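Below is one structure, written out as C-alpha cells, with a few remarks after it.
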Amino acid sequence: AAMSIYHQSHHTLRRRAAQSTLAAFFLLPRSCWAQGVEGADASPFAFVSKQLTADECPGTDEQARASWETLQAHFFEALSLYYGATAESQQLALEGILRGLEVLLENLNIAYQCPLLCAKQFRLAGEWSLALGHPHRARSLVQLGNIFKLRAMASWWNSLGPDAGTSNTKFEPRFQVEYTIALTQLHAALQVPVRPIQRWSTGKVAPSQPPMIEVHSICSYRSDPTSNTGPDCPLPELSVPNHRAYSHRHGYRYVLHTELPLPDREAHYSKMLIIHKALSRRDEPPDWVFFIDCDAFFTNPAISLADVLSTYGVAGPVGPHFLVAEDPGGINTGTMLFRRSDWSLAFLEKVAENKFGIAWDQSMFFDEMLRPGLFHVRGQTDFRLAAEIALVHQAHLNAFVPPASRDWSAYEWQNNDFVRHFAGCPWQEEHCLRLMRETAPLAGSSVSSSSSSSSRSN
C-alpha cells in the first residue's frame, strides 16, 4: 500500500515538474532510450537506475530490487530538478527526495536491504535542506541517515566473518569522515544550550507544589549474546541503591522492574510499555514518570527532577510532555521524562508499534518524534519538533563517559552534572566497571528496599 502511495506521489512530482516547464527534468541522453526504456510514462533514468541498483544493492530480493530501481529513478529526477537552479525547481526537488525517503521508512524491509544507499540519500536531502534554509530539517535528516549508516556498517562487519577482527579493510572511510563532520557541525550549531538549573521552588511561573513523580528502571539481565551479558551482571548492585537513595531523598516512588512485559525481547523494548502502564493506571497515577537505565546513575542529588522540568518550561499543565537528552546522533533514551497526558499515552503507543529498531528503542522513539513534519515541506518554513517535545542538554539528563563521549563527539560528564550514563561503556570493561563503582555513591546514602518510597515490580 505504501508503495502504491509512493507511485502516486512520484507521478505527481513529475506532473508538477512538467508544469514548471523545466526541460532539465529529462536529462538522460536519448541513446539510453534505445536500450529498453519505452513508454511515455517511463522515467528517463530507468535504465541507469537498474544498473546502479545491481551495483549498489547486491543481494536484494526481487521485490526490493524492483522497488529500489523505481526509487533510484525517482531520486535522479529530483536531482535533475535541484540543478534546475531556480527556487521553484529546488523546492520541488526537496519535496521529491523527502517523499522517496518517507516511502523507505514505510517499507523497512526494502530499506534494510540497501542501508548504505539510504544513508547517502538522507545526507543528500540534508544538504539540500540546509541550502534552502532549513537547518533543523537538515540535522534531523542527517541523524536519521546515520542510523542507516550504522546498519550498513554492521552488515559489512558481519560479512567479514571470522576474520573481522584482523581484517585491514575499512568501511567507507571517506563517507564516515564526511558524515561525522556533518553530524558534529550541525549539532554544534543547533544543540540546546546549557542553561542554569531553574529551581522549582524559586521559579517565577512554577507552582509551589511540585508534581508527583515516579522513578522507574529495568534491571533484568539474562544470557544475551548480542550484549555479552548474563545473570551475573553487577549493575543492579551498583545502580539500584543509587536510584533508590536519590528517590528517597526527594520523596519519589521508585519502581524496579525485574520482569519484562516483553520477556522474549531485550529489556529496552519494554521501556515504553512500562512508562505507559504507570501513567495510565487508575490508582493514584503519577504526574510524571522518569525512566532511567540500569547503567545510568544520579550524580547530583541536590537537583530534583522537578528542577529539570522547571528548567525546560514545565509549569503545571503548561510546557512539554516529553523530555529527552539530545546528542550529535539524535537522542539517547537512557533517561526520559513523560507527563501523564493523552498525548504521552498516544505517543508511547505509536513507539511500541514502531518497527524502526536499528538503534534499538532509540530509533523507534526518534522516528516517531520526527514524523510526519520532517517529510512535509510548507513553503520556506523549517522543520520543528512538536511543542510537546523538549530536547534537553546532556548535562541535565544524560551525560556520557569515555570512550562513548569521544567516539560519538558527545558531551562528557563533569562534576555536578545530574546523571552519568555509561552508554557505550559496558561493565565488562575494567575501566568502565571501575568508574561505575566510583559513581554509584554520588546519590548519597542508600535506604532499605522496604522503604515506602520504593517498590519492586514483577
Side-chain angles (χ1 to χ4, degrees), residues 1-14 17 25-29 32-33 35-39 41-83 92-128 141-142 144-159 171-172 175 179 354-359 363 367 371 374-375:
M3 288 304 292
S4 296
I5 294 171
Y6 158 73
H7 285 299
Q8 295 172 15
S9 176
H10 173 71
H11 294 312
T12 299
L13 173 69
R14 301 190 71 198
F25 187 65
F26 299 101
L27 291 179
L28 201 69
C32 294
W33 287 82
Q35 303 181 49
V37 179
E38 299 176 354
D41 203 35
S43 169
F45 300 103
F47 182 76
V48 70
S49 296
K50 185 174 183 179
Q51 290 179 316
L52 288 173
T53 297
D55 292 341
E56 297 177 342
C57 303
T60 55
D61 61 39
E62 183 176 352
Q63 178 188 7
R65 184 171 60 255
S67 298
W68 267 110
E69 290 170 2
T70 303
L71 283 163
Q72 291 262 41
H74 175 85
F75 289 139
F76 278 131
E77 292 176 5
L79 183 65
S80 67
L81 277 171
Y82 184 78
Y83 284 105
L92 280 171
L94 180 59
E95 293 176 16
I97 195 172
L98 291 177
R99 184 61 192 122
L101 295 177
E102 189 174 27
V103 166
L104 283 171
L105 286 175
E106 293 167 352
N107 295 269
L108 290 173
N109 61 315
I110 293 169
Y112 286 170
Q113 294 188 51
C114 198
L116 182 58
L117 188 53
C118 291
K120 291 180 177 180
Q121 292 296 338
F122 269 98
R123 195 186 76 169
L124 181 61
E127 291 173 350
W128 292 1
L141 289 166
V142 172
L144 275 177
N146 187 59
I147 296 171
F148 281 105
K149 181 171 70 69
L150 294 176
R151 183 178 179 93
M153 187 162 51
S155 298
W156 165 81
W157 179 262
N158 292 334
S159 72
F171 174 77
E172 299 284 337
F175 186 61
Y179 222 107
N354 191 287
K355 305 301 181 186
F356 190 46
I358 295 177
S363 50
D367 186 25
R371 294 208 211 188
L374 181 63
F375 300 98

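All values below were derived from every heavy atom in this structure, side-chain atoms included, with hydrogens, water molecules and symmetry-related copies excluded. Here the structure is a predicted model, which means the values were calculated and not measured.
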Taking only Lys NZ, Arg NE, NH1 and NH2, and the carboxylate oxygens of Asp or Glu, determine whether E102 and R99 approach each other closer than 4.0 Å.
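Salt bridge flag = yes for R99 with E102.
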
Side-chain heavy atoms of [X] within contact of [Y], under 4.5 Å:
X: W156; Y: L116; value: no
X: Y82; Y: I97; value: no
X: L104; Y: F148; value: no
X: L105; Y: R371; value: yes
X: E56; Y: Q72; value: yes
X: S80; Y: F45; value: yes

Aromatic plane relationship, F375 with F122 - under 30° parallel, 30 to 60° tilted, over 60° perpendicular:
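Plane angle over 60°, so perpendicular.
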
Whether F75 and W68 hold their rings parallel, tilted or perpendicular, with breakpoints at 30° and 60°:
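Taking W68 first and then F75, their aromatic rings sit tilted (interplane angle of 30° to 60°).
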
What are the two closest heavy atoms between [X] and [Y], and how far apart are they?
X: I147; Y: S363; answer: CD1-CB, 3.9 Å
X: L81; Y: A93; answer: CB-CB, 3.9 Å
X: V142; Y: Y179; answer: O-OH, 2.8 Å
X: G96; Y: A78; answer: C-CB, 4.5 Å
X: A119; Y: K149; answer: CB-N, 3.8 Å

Measure the [atom1]-[atom2] distance between [X] and [Y] for me, rounded to the nearest 0.5 Å.
X: R65; Y: K50; atom1: CZ; atom2: NZ; answer: 8.5 Å
X: C57; Y: L117; atom1: SG; atom2: CG; answer: 5.0 Å
X: Q63; Y: I110; atom1: CD; atom2: CD1; answer: 5.0 Å
X: H74; Y: L101; atom1: NE2; atom2: CG; answer: 8.0 Å
X: L71; Y: T53; atom1: CG; atom2: OG1; answer: 8.5 Å
X: N146; Y: M153; atom1: CG; atom2: CE; answer: 8.0 Å

Given D61 and N109, is the side chain to side chain contact (heavy atoms under 4.5 Å, CB included) satisfied, shown in steps?
CA-CA 10 Å; D61 61 39; N109 61 315; 5.9 Å; no

